[in-house]
Amino acid sequence: MEKEIFVTKSSLPAMEDYVNEISDIWESHWLTNMGIKHKTLQSLLKDYLEVENVDLLTNGHMALELSIQALNLQGEIITTPFTFASTTHAIVRNGLTPVFCDINPDDFTIDANKIEALITDRTSAILSVHVYGNVCDVDAIQAIAAKYGLKVIYDAAHAFGVKYKGKGIGSFGDVSCFSFHATKVFNTIEGGAVCFGDKNKDFGLDIYRLKNFGIRNAEVVDAVGANARMNEFCAAMGICNLKRIDVCLKKRKRLVEEYRSRLSDTDGLHLSEPQKDVQQNYAYFPIVIDEKRFGATRNEVLAKLAGHNIFPRKYFYPLTNTFDAFHGRFDVDKTPTALRISKRVLTLPLYEELDITDVARISDIVRSCKK
Ligand SMILES: *Cc1c(COP(=O)(O)O)cnc(C)c1O
């Protein structure tokens, strides 16, 4: 039996390092509610991400959901269907309507040229995703938002550590939401964050209140908040993992270069190319399989790899605008590029501890499917 290789494997610090980090919690008995670990991680991340403000949350989904609430958005939000369920659910769970915009075939982010045609008098914001760590066309999106008075939220769940034109990716838009879920490049077991500029200080106060039931002070509760605080054990994991993040990114880079060197000249395989002015984080390695030129379908490649105990994932299939939960409410034909790519994409295994020889083996199996 060949060993099992999944699409990802969580990064962990040395166990002694974590035990050492959490040991003072036994003295303080302070387990959650913005304790010392929370404060420490918050300040470390502000520096690492090069942003003006960070607040920590229990997960990336609540970062999105509470951001929409804190910005007091109404009506419609223009967004992408080529994403994880969370992005769309955050809009719908706030009682708003997602309006789906198509994506670019090259970097899979929202197609900024198609946004303006979707704006109505009910549009309040654009919520787009730096998918796979690829940066959205932030300049064009900002120009559209300014012209129509819209808010901009970035789902930066995939983009930890990414920089655009030398600036931390979390400093674009009104808010950027990160996920620190176990499967992400940087994890706090479960966790997330919102990043925002100094001009949005009130937003920061609102998020802080909303993540703690809307409690303003001991006697005033003036918002219908949730419980979305990051606990001390998760923050401690973040402190430990952050010490190792640069080593981790370097390893990922080597693995991505290996995939690239073995797969880039294969006719019928489209790889996501490095973007101009972007410092990458090597979070995912998606390939898009054009079955006409490659001679095999995405599902055939998936099955072949599964036969070798290798389990990549169809990120992102199905598109969120086709979810059963929405009972056919959205017309998928309005996002043809996203539909075409979702049927052909495969995200190959990529994580810190993946062996470079396994990258070679996985690449060879993929190439062997070509007819
Ligand atoms: C992981 C992810 C989220 C949600 O983050 P959680 O921390 O799991 O709640 C949101 N959007 C995208 C694109 C993601 O990949």
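Order of appearance sets the numbers: ligands from 1, and atoms from 1 within every ligand.
- Of all non-hydrogen atoms in Ser67 and Phe203, the two that sit nearest each other are OG-CZ, 3.6 Å.
- Shortest contact from atom 8 (O) of ligand 1 to any protein heavy atom: His181 CB, 3.8 Å.
- Considering backbone and side-chain atoms together, Ala157 places no N or O closer than 3.5 Å to any N or O of ligand 1.
- For ligand 1, the atoms sitting less than 4.0 Å from at least one non-hydrogen atom of Gly60 are 5 (O), 6 (P), 7 (O), 9 (O), numbered in the order shown with element in parentheses.
- With Lys370 as reference, Thr266 is the one residue of Ile289, Val301, Thr266 to meet the side-chain contact (heavy atoms from CB on, under 4.5 Å) rule.
- Under a 4.0 Å criterion applied to the non-hydrogen atoms of Asn59, ligand 1 contributes the atoms 7 (O), 9 (O).
- Across all their heavy atoms, Ser264 and Leu271 have their closest contact at CA-CD1, 3.5 Å.
- A salt bridge between Arg260 and Glu273 is present, with a side-chain N of the basic residue lying under 4.0 Å from a carboxylate O of the acidic one.
- Residue-ligand proximity, Phe84 to ligand 1, at heavy-atom distances under 4.0 Å covers atoms 2 (C), 3 (C), 12 (C), 13 (C), 14 (C), 15 (O).
- Taking a 4.0 Å cut-off on heavy atoms, Lys184 registers as neighbouring ligand 1.
- Of the N or O atoms in Asp155, one or more lie within a sub-3.5 Å distance of an N or O in ligand 1.
- Counting heavy atoms closer than 4.0 Å to ligand 1, residue Met62 contributes nothing at all.
- For the residue pair Asn94 and Glu65, no side-chain donor N or O sits within less than 3.5 Å of a side-chain acceptor on the partner.
- Counting non-hydrogen atoms of neighbouring residues, nucleotides and ligands closer than 6.0 angstrom, the CG atom of Asp265 exceeds 12 such neighbours.
- Note: no N/O pair closer than 3.5 Å links Thr83 and ligand 1 by distance alone.
- The atoms of ligand 1 that sit less than 4.0 Å from any heavy atom of Gly191 are 7 (O).
- Ring-plane geometry between Tyr48 and Phe160 is classed as parallel, the angle between the planes falling under 30 degrees on a 0 to 90 degree scale with a further cut at 60.
- Note: Phe108 and His270 have perpendicular aromatic rings, judged against thresholds of 30 and 60 degrees for the angle between ring planes.
- At least one N/O-N/O distance between Ser179 and ligand 1 falls below 3.5 Å.
- Closest to atom 9 (O) of ligand 1, if we only count protein heavy atoms, is His61 N, 2.8 Å.
- Cation-pi contact between Lys167 and Phe172: present, with separation from the ring centre below 6.0 Å and deviation from the ring axis of at most 45°.
- With Ala193, Ser86, Ala159, Gly192 as candidates, the residue nearest to atom 4 (C) of ligand 1 on a non-hydrogen basis is Ser86.
- Residue contacts with ligand 1 leave out Ala90, since none of its heavy atoms falls under 4.0 Å from the ligand.
- For His158, every heavy-atom contact with ligand 1 shorter than 4.0 Å involves the side chain, none the backbone.
- Figure legend: Arg254 and Tyr282 shown without cation-pi pairing, the cationic atom not lying both under 6.0 angstrom from the six-membered ring centre and within 45 degrees of its axis.
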